[in-house]
There are 2 protein chains.
Amino acid sequence: MLTIGAMARKTGTKVQTIRYYEQIGLMPEPGRTEGGQRRYGDAELDRLSFVRHARQLGFSLDAIRELLNLSDNPGTSCAEADAIARRQLKQVEQRLSRLEALRTELERMVHECSGGRTADCRVLEVLRDHSECLTEHDEVGL
Amino acid sequence: MLTIGAMARKTGTKVQTIRYYEQIGLMPEPGRTEGGQRRYGDAELDRLSFVRHARQLGFSLDAIRELLNLSDNPGTSCAEADAIARRQLKQVEQRLSRLEALRTELERMVHECSGGRTADCRVLEVLRDHSECLTEHDEVGL
DNA sequence: CTTGAAGCTATAGCTGCTAGAGGTCGTACA
DNA sequence: TGTACGACCTCTAGCAGCTATAGCTTCAAG
């Protein structure tokens, strides 16, 4: 039987975060000692690992909830899990291309700065005048 | 004289967001009509454009506050603005490499899914067992 | 003079945690 | 058996950066 602290150590999660997952229904309510402290078994450890791993891959808590449901019903088609993963991949790709545009723009800003006075600082100038941008970059969004 | 709605349209900002920027001191308190409605001039429009553009480039509101201060004092050295931009560039580069690792991992998950039952869905399997990952991907962080 | 869009304030909510206060439990050691 | 002390408990508030709602007032066109 694992304490919440042991769970936290094994999964690299903060104790508070585990309690938060319980609160929002991602983790089940565990058993308690007589004094009211949580005690976990291996199933809960696996579930928490699943959640953490999915978070590291950038899945939202809502997506993870769905994935957990699918994982709990092993007979159903995996098409849905696949769809969720594809959606996530698409998002990551979109973010990547936006970030690449930003990198280009920032590099240009930084390389053109000659180190003089702010009056003619290229960094500030570019920020002042959007038309100087080579790329479109509307919304960074995560 | 521009209404808040006109400002919003011209800069692609929500009206509420402009009021929010005023509240946190990023935008100055504008003049008002007798009835209490905000009226803006060109200086405010420029400032808001600056803020929005910097946001699109991923700068935090705190960084923008600093950049605005520098922009307001044209005599000072632009070294600081340069430093802020470089910091931002570094962050973007870090995010890029993390996202690239995620993309690789997600692609692998998705490509290996054969479309069967969730019992042996590769997507769920990978999530269950972190050791199957080829790359390290601790923390996505924005 | 009326109508309706656009403005106003104030407050709460979103995601995904994280931190703090103030108190209780569990266990190892003397 | 007592006690010390770390780990646990609940509850609440806070972070970024907005966004949305409710309930009201103002502005400008017809």
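Below, all heavy atoms of this structure are taken into account, side chains as well, without hydrogens, waters or symmetry copies. Here the structure is a predicted model, which is why all the values come from computation and not from measurement. So you know, we letter chains A, B, ... as the sequences are listed, proteins then strands, and number each from 1.
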Taking for each residue the nucleotide of DNA chain D with the nearest heavy atom, is it Asp62(B) or Ile4(A) whose nucleotide lies nearer the 5' end?
Ile4(A)

Would a 4.5 Å heavy-atom cut-off, applied to side chains only, mark [X] and [Y] as touching?
| X | Y | answer |
| --- | --- | --- |
| Leu89(A) | Arg103(B) | yes |
| Leu57(B) | Gln88(B) | no |
| Tyr40(A) | Thr3(A) | no |
| Glu29(A) | Glu22(A) | yes |

Neighbours of DNA chain C within residues 35-44 of chain B, by heavy-atom distance under 4.0 Å
Gly36(B), Gln37(B), Arg38(B)

With Leu48(B), the side-chain contact (heavy atoms from CB on, under 4.5 Å) member among Lys10(B), His53(B), Met27(B)
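When side-chain contact (heavy atoms from CB on, under 4.5 Å) is applied between Leu48(B) and each of Lys10(B), His53(B), Met27(B), only Met27(B) qualifies.
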
Please say yes or no: joined through hydrophobic side-chain contacts below 4.5 Å, possibly via intermediate residues, are Ile84(A) and Leu102(B) part of one cluster?
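In one cluster: yes.
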
Please determine if Glu44(A) and Arg47(A) form a salt bridge, counting it only when a charged side-chain N lies under 4.0 Å from a carboxylate O.
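Between Arg47(A) and Glu44(A) there is no salt bridge, as every charged N stays at least 4.0 Å from the carboxylate O atoms.
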
[X] has an atom [atom1]; how far is it from atom [atom2] of [N], in whole Å?
| X | N | atom1 | atom2 | answer |
| --- | --- | --- | --- | --- |
| Leu48(B) | dC18(D) | CG | P | 11 Å |
| Gln56(A) | dC17(C) | CD | P | 11 Å |
| Leu2(B) | dC27(D) | CG | C1' | 16 Å |
| Glu34(A) | dC9(D) | CD | P | 16 Å |

Any sub-3.5 Å donor-acceptor pair from Thr17(B)'s side-chain atoms to Thr13(B)'s backbone N or O?
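It does not hold such a pair.
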
So how far is it from Glu112(A) CD to Arg108(A) CZ, rounded to the nearest 0.5 Å?
5.0 Å

Residue closer to the 5' end of DNA chain C, Thr33(A) versus Lys14(A) (nearest nucleotide)
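Going by which nucleotide is closer to the 5' end, it is Lys14(A).
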
Mind listing the residues from residues 17-30 of chain B sitting with a heavy atom below 4.0 Å of DNA chain D? Number order is fine.
Thr17(B), Tyr20(B), Tyr21(B)

Looking across every strand, which nucleic acid part, if any, lies under 4.0 Å from Arg9(B) by heavy atom: base, sugar-phosphate, or nothing?
nothing

When you check the phosphate oxygens OP1 and OP2 of dG7(C), does a side-chain N or O of Thr3(B) lie under 4.0 Å from one of them?
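Thr3(B) to dG7(C) OP1/OP2: side-chain N or O found under 4.0 Å.
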
With distance as the sole criterion, do the side chain of Gln16(A) and the base of dG16(C) form a donor-acceptor contact below 3.5 Å?
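Check fails, no donor-acceptor contact within cut-off.
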
